[in-house]
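Computed from a predicted model, the values in this text were never measured in an experiment.
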Amino acid sequence: MKTNYLKKYIISSYVLVWALIIFVAGTASLVFHAPTVVMWVVRNLIAWSPTYLLLMGWKYFRPDETRMGFVKRCFSAKVKLFPLICSFALTFGISVLSLFIFSIAEGKPMLSYINLGTTALPLSIFLSFTSGPTGEELGWRGFMREEFNKKYDFLKSSIYQGLVWCFWHTLLWVVDSDFTDWRAIPYVISNIVVITSMTVLMNIFLERHNNLLYSVLLHFGFNIIYVFLDADIGFFVILTVLYLVITPFAVMLRNKAVNRTVGA
């Protein structure tokens, strides 16, 4: 019977990240009362868990290929500057547009919802970039995407990938969220919709430009604004609606391009 390497990887990634959140992040925060920057570094180390799980357990997940061969292949395709910029601008732009609409609805300036905090801006940007954007992509869009694509068509594969990635964050919704009352419900729904939609958008880029730098930049474009964001649940509701509008439109354009290529 063929071994289900994908299932082994998904289960292991969930067990590892939840253990790290409880025992490492929990200890650093509750026992040692680590300062903000230290906790940020701890969260970054946890965010890298899909990658070092994959590389350390390589023989259990991809025994028919070398680690180096896999990594080189994930970044081997030629990078084109304009699509690379677009990958960042897409998610960053959706977040900014959501904040713009939210600020109009609330009757306040957009910048009133941006809090630069106490961490130096360059360090904040560096820590954001070296978190999920660079830490998760080799595992999710490198390994997991390839495995799901072997079994399903583009859309179904993308949705399954998005749901796995989404619920990998489940424990963070509980321990690292300001929404602990009724707002937790729309917040969780927003996470499910937005993360799944982002996966679809990432895969559109990766299908055309098979280099993980595109998903890294798209991931970073999404994450960076939340380093400084201080907005209520209305922002996330608007964000959800925009992704529900933009993602199907992007899939429609992708399908038309695929059909033209097949018919050529």
Kindly indicate whether the side chain of [X], heavy atoms from C-beta on, has any atom under 4.5 Å from the side chain of [Y].
X: Pro248; Y: Tyr243; result: no
X: Leu163; Y: Thr199; result: no
X: Pro186; Y: Phe236; result: no
X: Thr170; Y: Tyr14; result: no
X: Phe220; Y: Ile125; result: yes
X: Phe154; Y: Asn203; result: yes
X: Trp165; Y: Arg141; result: yes
X: Asp176; Y: Arg43; result: yes

Would you indicate whether [X], at its atom [atom1], is surrounded by more than 12 heavy atoms from other residues, nucleotides or ligands within a distance under 6.0 Å?
X: Asn255; atom1: CG; answer: yes
X: Lys150; atom1: NZ; answer: yes
X: Met252; atom1: CE; answer: yes
X: Ile185; atom1: CD1; answer: no
X: Tyr52; atom1: OH; answer: yes

Item to check | Contacts of Arg145 that satisfy salt bridge (charged side-chain N to carboxylate O under 4.0 Å, His left out) - sequence neighbours left out | outcome: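 Salt bridge (charged side-chain N to carboxylate O under 4.0 Å, His left out) list for Arg145, sorted by chain: empty.
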
[atom1]-[atom2] distance between [X] and [Y], expressed to the nearest 0.5 angstrom:
X: Lys80; Y: Cys86; atom1: NZ; atom2: SG; value: 12.5 Å
X: Leu171; Y: Ile21; atom1: CG; atom2: CD1; value: 4.5 Å
X: Arg73; Y: Phe70; atom1: CZ; atom2: CZ; value: 6.5 Å
X: Phe235; Y: Tyr113; atom1: CZ; atom2: OH; value: 11.5 Å
X: Ser177; Y: Leu172; atom1: OG; atom2: CG; value: 10.0 Å
X: Phe167; Y: Asn191; atom1: CZ; atom2: CG; value: 9.5 Å

Kindly give the heavy-atom pair with the smallest separation between [X] and [Y], and that separation in Å.
X: Ser158; Y: Val200; answer: CB-CG2, 3.8 Å
X: Val42; Y: Ala28; answer: CG2-CB, 4.4 Å
X: Leu212; Y: Glu137; answer: CD1-O, 3.8 Å
X: Val188; Y: Trp173; answer: CG1-CZ3, 3.6 Å
X: Pro133; Y: Val216; answer: O-CG2, 3.2 Å
X: Gly162; Y: Ile195; answer: O-CG2, 3.8 Å

Quick check against the 3.5 Å criterion: does [X] have a side-chain atom that pairs as donor or acceptor with the backbone of [Y]?
X: Thr27; Y: Val24; value: no
X: Glu106; Y: Phe102; value: no
X: Ser12; Y: Tyr9; value: no
X: Ser87; Y: Leu84; value: yes
X: Ser112; Y: Lys108; value: no
X: Trp48; Y: Thr130; value: yes
X: Ser29; Y: Gly26; value: no

Is it possible for you to say whether [X] and [Y] belong to one hydrophobic cluster, with membership spreading through side-chain heavy-atom contacts below 4.5 Å?
X: Leu97; Y: Phe222; result: yes
X: Met144; Y: Tyr152; result: yes
X: Tyr5; Y: Ile11; result: no
X: Tyr226; Y: Ile224; result: yes
X: Leu218; Y: Val96; result: yes

Could you give the side-chain donor-acceptor pairs of residues 204-211 under 3.5 Å, partners two or more places apart or in another chain?
unit_1, atom_1, unit_2, atom_2, d
Glu207, OE1, Arg254, NE, 2.9
Glu207, OE2, Arg254, NH2, 2.6
Asn211, OD1, Leu213, N, 3.0
Asn211, ND2, Phe75, O, 3.0
Asn211, ND2, Ala77, O, 2.8

Checklist entry - Are Ile94 and Ser98 close enough, and set up right, to give a side-chain contact (heavy atoms from CB on, under 4.5 Å), and what steps lead you there? => result CA-CA 6 Å; Ile94 293 173; Ser98 300; 4.3 Å; yes

Checklist entry - Side chains of Ser128 and Asn223: do they bring a donor and an acceptor to under 3.5 Å? => result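 No, no side-chain donor-acceptor pair sits under 3.5 Å.
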
Checklist entry - Would Trp168 and Glu136 count as a side chain to side chain donor-acceptor pair (under 3.5 Å) if you check the C-alpha gap in whole Å, the side-chain angles of each, and the deciding distance to 0.1 Å? => result CA-CA 11 Å; Trp168 180 80; Glu136 298 176 23; over 6 Å; no

Checklist entry - When you look at Lys151 and Glu147, which way does the side-chain contact (heavy atoms from CB on, under 4.5 Å) test go after all the steps? => result CA-CA 7 Å; Lys151 300 181 177 184; Glu147 294 298 316; 5.8 Å; no

Checklist entry - Leu20 and Ser49: side-chain contact (heavy atoms from CB on, under 4.5 Å), yes or no, with the steps? => result CA-CA 9 Å; Leu20 289 173; Ser49 61; 3.9 Å; yes

Checklist entry - Does a salt bridge link Glu146 with Arg62, judged by any charged N lying under 4.0 Å from a carboxylate O? => result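 So Glu146 pairs with Arg62 through a salt bridge.
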
Item to check | Lys/Arg N to Asp/Glu carboxylate O, Asp232 vs Arg183, below 4.0 Å | outcome: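 Here Asp232 pairs with Arg183 in a salt bridge, since their nearest N and O are under 4.0 Å apart.
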
Checklist entry - Under the side-chain contact (heavy atoms from CB on, under 4.5 Å) criterion, do Trp40 and Ser124 qualify, and how do the steps go? => result CA-CA 9 Å; Trp40 200 337; Ser124 296; 3.7 Å; yes

